[in-house]
Structures are given as structure tokens and as C-alpha cells.
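Worksheet for the structure shown next.
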Amino acid sequence: MKNKRSIIAIFIVILLIAFLWIGGIIPSQIGKISAINYVQKNYPDRNLKFLRMDFSSAHGDYFAMFKDENDKTYAFQMLGKYLPINVWNDPFKSTIND
């Protein structure tokens, strides 16, 4: 009887994690942590403050929004809907050759 309850509890936990993952709650938090670490590592002198994570259905990716001390907003595109751990687009790195 105790073994059956353990299996049911594990199954419920797995379902809850799957629901939170597919619903975007877990990926949003993963993206937030990844974006904050990226900004702290690459731009410690810019004093960027994390604002929010936005999911763009048009891009299929998350955007980590930061602001500087002048209230200018920067969006870092995080690659992936379910595991956004890589920065795909960095607003400080120009892709256009000047």
C-alpha cells in the first residue's frame, strides 16, 4: 500500500512539473537566470537591472528585458521556447558591418 502511494505521488509530481514546463513558468525562470548571468558576465559595467521575461509567439523565443540607469530598455533574445539558456540576439553586439 505504501509503495502504491509513493508511485502515485511521484506521478503527480511529474505531471505538475510537465504542466509548469509546458505552461512556460519553468522556462521563463530558466531564461531569467540565464539572461542575468549573461549580462553580469559580459556587461558588469553597464549596471543593467532585470525587468521581466516576455515570450514572443512570433519569434518562438523569450526576450529578457533589462534597463540601464537612464531607463533605456534593452531586450536580449533567448533562444528556445522550452529551454531558453542561450542568448540569440544581444543588443550591444552589432550584426551590421559599419
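For the single chain, residues carry numbers from 1 onward in sequence order.
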Kindly write out the residues that satisfy side-chain contact (heavy atoms from CB on, under 4.5 Å) with [X], not counting sequence neighbours, or none if the list is empty.
| X | value |
| --- | --- |
| Trp21 | Ile17, Ile26, Pro27, Ile30, Tyr82, Leu83 |
| Gln29 | Lys32 |
| Lys41 | none |

Test ring-ring contact (aromatic ring centres under 6.0 Å, His included) applied to Phe66 - qualifying residues, sequence neighbours left out: Phe50, Phe76

Across all chains, not counting sequence neighbours, the ring-ring contact (aromatic ring centres under 6.0 Å, His included) partners of Phe19 are none

Of all residues at least two apart in sequence or in a different chain, which pass the side chain to side chain donor-acceptor pair (under 3.5 Å) check with [X]?
| X | answer |
| --- | --- |
| Thr73 | none |
| Asn42 | none |
| Asn47 | none |

Test: salt bridge (Lys or Arg N to Asp or Glu O under 4.0 Å). Region: residues 68-79. Which pairs qualify, not counting sequence neighbours? Lys67-Asp71

Show the nearest heavy-atom pair for residues [X] and [Y], with the distance to one decimal.
| X | Y | result |
| --- | --- | --- |
| Gly31 | Met78 | O-CE, 3.9 Å |
| Ala75 | Pro91 | O-CD, 3.4 Å |
| Ala64 | Ala35 | CB-CB, 3.4 Å |

Check whether Ile36 and Phe92 end up in the same hydrophobic cluster, where Ile, Leu, Val, Met, Phe, Trp and Tyr are linked by side-chain heavy atoms less than 4.5 Å apart. yes

Quick one: do Tyr43 and Val87 end up in the same hydrophobic cluster if we chain Ile, Leu, Val, Met, Phe, Trp and Tyr together by side-chain heavy atoms under 4.5 Å apart? yes

How far does [atom1] of [X] sit from [atom2] of [Y], to the nearest 0.5 angstrom?
| X | Y | atom1 | atom2 | value |
| --- | --- | --- | --- | --- |
| Met53 | Tyr62 | CE | OH | 7.0 Å |
| Asn89 | Leu79 | CG | CG | 11.0 Å |
| Ser28 | Ile25 | OG | CD1 | 8.5 Å |

Transitive ILVMFWY cluster of [X], excluding itself - 4.5 Å side-chain cut-off:
| X | result |
| --- | --- |
| Ile7 | none |
| Ile12 | Ile8 |
| Phe63 | Leu51, Met65 |

For side chain to side chain contact (heavy atoms under 4.5 Å, CB included), just list the numbers for Tyr74 and Val39, CA-CA rounded to whole Å, side-chain angles, deciding distance to a tenth of an Å, and then say yes or no. CA-CA 11 Å; Tyr74 300 95; Val39 166; over 6 Å; no

